2 protein chains.
Amino acid sequence: MKLTTFDHFNCSLAQTLSVIGEHWTLLIIRDAFFGLRRFDEFHNSLGISRNVLSVRLKKLVTAGIFEKTDGPGHPEYRLTEKGLALQPALVAMTHWGDTYLPNPEGKRLTFVDRRDGKPIKPVGIYAADGRRLKPKEIKAKAGPGLRNAEPYARTVPLEEVEGNA
Amino acid sequence: MKLTTFDHFNCSLAQTLSVIGEHWTLLIIRDAFFGLRRFDEFHNSLGISRNVLSVRLKKLVTAGIFEKTDGPGHPEYRLTEKGLALQPALVAMTHWGDTYLPNPEGKRLTFVDRRDGKPIKPVGIYAADGRRLKPKEIKAKAGPGLRNAEPYARTVPLEEVEGNA
DNA sequence: GCAGTTAAGTTCTTTGATAGAACTCTTATG
DNA sequence: CATAAGAGTTCTATCAAAGAACTTAACTGC
């Protein structure tokens, strides 16, 4: 009765969730984006219990999302390039929360271009020519990595689905 | 010793994770994007246990992500607009998994514009003028919804952080 | 009308995962 | 050298998930 992992799904989302989908993990990564690097910094910022934090950090290092280095007299955990590449996903979720679970007093954060201070383009789905696409304006096409025997290729003929992601 | 919720964080990401961050939830939503609508469809597609699926669907309906309707003789769960708006986050995570946890036989899915069949622009962070921005080229600015007393405003002075998200 | 079937959801038990506190160990610091 | 601070580990109590069995309700022929 182990907690089910999602590794066995041939699905990029399930694979991703196997690595970053556990309780606390994405918040630890968020804190790392905000500059936290040390065990107790994460512990204090989140109120996560120490044993769980320990397990999570180990897993993230193994996964290549964090790099553990010797800081000035103490270890430090820093995002690798692989970890930094999670930024669009984090920003997309942040943006969704801002929109649908807002703070009544206004936006909590805005992301701006460091160069000119202007807000970034809202994270979304854009066509090659730059048009913003709505959920049902895209469809998924199976690539070489997806066999027809796979669960979610089987359940629904991909080409015929409305609003798939 | 209840499993900690993230509701108390004044953080859009934490709020989002309170709703979609539980085990299985995002895969249920993914399946809904692929056209699944019924209890047993989700159950069969994911192999999730029925009790957990039941709890998750209820929570998603309460959160306004799914809408429960009477289908032809049986209930159906469909994504609301709020649920459909999660698409960019899902696609961003899918894209990350495709890149960093790839299937050796090639891409599993490609997302294309329904209109012309061309692949969408890769999900990422873009400046107002369309330039693609790297993680450290943006910064977060506190808005009216974020007080200085808040945890992650406290931990790090936002303006001085490298590569924050 | 009723036996058989299918689907939706609930209940129950077992076991794994988390919360929280206490503890160990190593490294700075006066 | 004493003390403290930070980084983890260990321990116990409780909660949540896995898996199977059960209940309920609607459809399907006969």
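The chains referred to below are lettered A, B, ... by the order of the sequence lines, with proteins before strands, and numbering in each begins at 1. Note that the coordinates shown come from a computational prediction; the quantities given were computed from them, not determined experimentally.
Listed nucleotides: dT18(C), dA7(D), dA17(D). Nearest to the side chain of H74(A): dA7(D). Of the listed nucleotides (dC15(D), dA19(C), dA18(D)), dC15(D) has the atom at the smallest distance from the side chain of K2(B). If you check dA7(D), dG9(C), dA19(C) against the side chain of P75(A), the one that comes closest is dA7(D). Side-chain proximity of Y77(B) to dG9(C), dA19(C), dG8(D): nearest is dG9(C).
If you take NE2 of H43(A) and C1' of dG8(D), they are 11 Å apart, rounded to a whole angstrom. Protein atom CD of E22(B) is 16 Å distant from nucleotide atom P of dC15(D), rounded to whole Å.
For S54(B) and dG9(C), the shortest distance from a side-chain N or O to OP1 or OP2 is not below 4.0 Å. Here R56(A) reaches the OP1 or OP2 of dT18(C): one of its side-chain N or O atoms lies under 4.0 Å away. The side chain of K68(B) contributes no N or O atom lying less than 4.0 Å from OP1 or OP2 of dA8(C).
Note: the hydrophobic cluster containing F6(B) also contains M93(B) (ILVMFWY, side chain heavy atoms under 4.5 Å, direct or indirect links).
Heavy-atom contacts from other residues, nucleotides or ligands closer than 6.0 Å to CZ of R115(B) number 12 or fewer. Under a cut-off of 6.0 angstrom, the local environment of NZ in K107(A) is crowded, with over 12 non-hydrogen atoms contributed by other residues, nucleotides or ligands.
Nearest-nucleotide positions on DNA chain D for R38(A) and T4(A) put R38(A) closer to the 5' end. In this structure, L3(A) and D40(B) both approach DNA chain C, and ranking their closest nucleotides by distance from the 5' end singles out D40(B).
For R131(B) and D113(A), the salt-bridge test passes: some basic side-chain N is under 4.0 Å from an acidic carboxylate O.
A donor N or O paired with an acceptor N or O is found under 3.5 Å between the base of dG20(C) and the side-chain atoms of N51(A).
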Discussion item. Dot-bracket, 5' to 3', for DNA chain D please: Watson-Crick or G-U pairs under 3.5 Å, [ ] where pairs cross earlier ones, | where the partner sits on another strand, dots elsewhere.
Written reply: ||||||||||||||||||||||||||||||
